[in-house]
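The structure appears below as structure tokens.
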Amino acid sequence: MSFINYSAKEINCKVVYYGPGLCGKTTNLNFVHKKMKPDSRGKMISLATETERTLFFDFLPLALGEIRGFKTRFHLYTVPGQIFYDASRKLILKGVDGIVFVADSQVERMDANMESFDNMKSNLVEHGYSLDKVPYVIQYNKRDISNCVPVAEMKKVLNVDGVPDFEACATEGAGVFETLKGVIKLVLAELRKGA
Amino acid sequence: MFDEESREISDTIGRLLKEANAKSVYLVDKDGQLIASSGETSNIDSTSLASLTAGNIAATGGLAKLIGEKEFSILFHEGEKDNIHISIAGERVILVVIFDERSSLGLVRLRVKKANEALTRCIENILKKMSSGKAKENLLEEISDEDIEKLFQ
């Protein structure tokens, strides 16, 4: 849930990167962290295992500038993608304002993409949210890989709602900011709608 | 958050800081947003503190449900020099007190309990105001596509 502090003139929103294990959620955040000016980003926190798999979450706070005198702050989180971390994944969705679903474009990960997408839907329902209400975008990541599934096919399976979607290669940064911008636009538009 | 409640919250945590002899006090939303802070806060990254505290409360909340409890309302972490006392106020916000040997767990617990009552009342007022729609003003209606576009320039 967005947090508007009228006293400090701040709008705070929470964006969660969701998707199957090793699809590139943390890589997205790392790239944003690397490219943002130091004065507009805070410290990135990664709660990861020794093998750099996300254990609980990654967290990156961004301050994007002002809207009508209100400072806008976005807190980006990733969930742990591995199936057995579902309890933690559910916790991170609490209070979410917008979601980036990161899909892995490799043929052999299509089942994992679908499984993760369904898992996201059911975890949202447990918090009393639903995908018709929470703004989300889809990112088709790893487009540079040779055995990737055609975008049209991925769209057919994952983007049934026709939400904004983006092709990306998060290791090099292609599409990372387009995706972030896409979700932030939806979140702010949703805030306006709720007003 | 509104001016009136914001002042009341600042007063309450300022008082808690003094009475509990603490180093710093933070009030954090359960979703990980910092609401207010008091004391020696300049050398601590408060945004990180807020999100980690909320994650901590969420994780222990999950544990509580596993064993059939509603939630664990108090967490305490003991360090070599500094300690952290975390508690839930008004079911909605998290009160974080950082203290060292100049205070004690007993004193902190006692003062936190008192502050919790005041904070709970305050949070209830905010929630009441929010549900009456007073909060929304017309700030958000006025956000234009251009405003949103400008953020990315």
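Since this is a predicted model, take the numbers as computed values, not measurements. A, B, ... follow the sequence lines: proteins, then strands. Residue 1 opens every chain. We use all heavy atoms of the structure for the numbers below, so side chains are in, but hydrogens, waters and symmetry mates are not.
Using a 4.5 Å cut-off between heavy atoms, Ile45(A) contacts chain B through its side chain alone, with no backbone atom that close. Heavy atoms closer than 4.5 Å to chain B are found in the side chain of Leu47(A), but not in its backbone. Neither the backbone nor the side chain of Glu10(A) comes within contact range of chain B, judged by heavy atoms closer than 4.5 Å.
Pairs engaging residues 140-149 of chain A under the side-chain hydrogen bond (donor to acceptor under 3.5 Å, both in side chains) rule: Asp104(A)-Lys142(A), Ser105(A)-Arg143(A), Glu108(A)-Asn147(A), Tyr140(A)-Asp165(A) [sequence neighbours left out].
Note on Val112(B): it does not cluster hydrophobically with Leu34(B), by side-chain heavy-atom contacts below 4.5 Å among ILVMFWY residues. Residue Ile67(A) is grouped with residue Val187(A) when hydrophobic side chains (ILVMFWY) are merged at heavy-atom distances under 4.5 angstrom, including chains of intermediate members. Follow the hydrophobic side-chain contacts under 4.5 Å out from Leu60(A) and you reach Leu64(A) in the same cluster. Neither Leu17(B) nor Ile86(B) shares a network with the other; the hydrophobic side chains, linked directly or stepwise wherever heavy atoms of I, L, V, M, F, W or Y lie under 4.5 Å apart, form separate groups for each. Under a hydrophobic clustering in which Ile, Leu, Val, Met, Phe, Trp and Tyr are joined whenever their side-chain heavy atoms come within less than 4.5 Å, directly or via other members, Val151(A) and Val157(A) fall into the same cluster.
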All N/O donor-acceptor pairs, side-chain side in residues 75-83 of chain A, below 3.5 Å, sequence neighbours left out:
unit_1   : atom_1 : unit_2   : atom_2 : d
His75(A) : ND1    : Gln33(B) : OE1    : 3.3
Thr78(A) : OG1    : Asp58(A) : N      : 3.2
Thr78(A) : OG1    : Asp58(A) : OD2    : 2.6

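Residue Glu91(B) places its CD atom among 12 or fewer non-hydrogen atoms of other residues, nucleotides or ligands, all under 6.0 Å distant.
The contact list for residues 94-107 of chain B toward chain A, using heavy atoms and a distance under 4.5 Å, is empty. Contact residues of residues 47-67 of chain B toward chain A are Thr47(B), Ser48(B), Ser51(B), Leu52(B), Gly55(B), Ala58(B), Ala59(B) (heavy-atom distance under 4.5 Å).
Note on Lys14(A) versus Asp31(B): no salt bridge recorded, every NZ/NE/NH1/NH2 to OD/OE distance being 4.0 Å or above.
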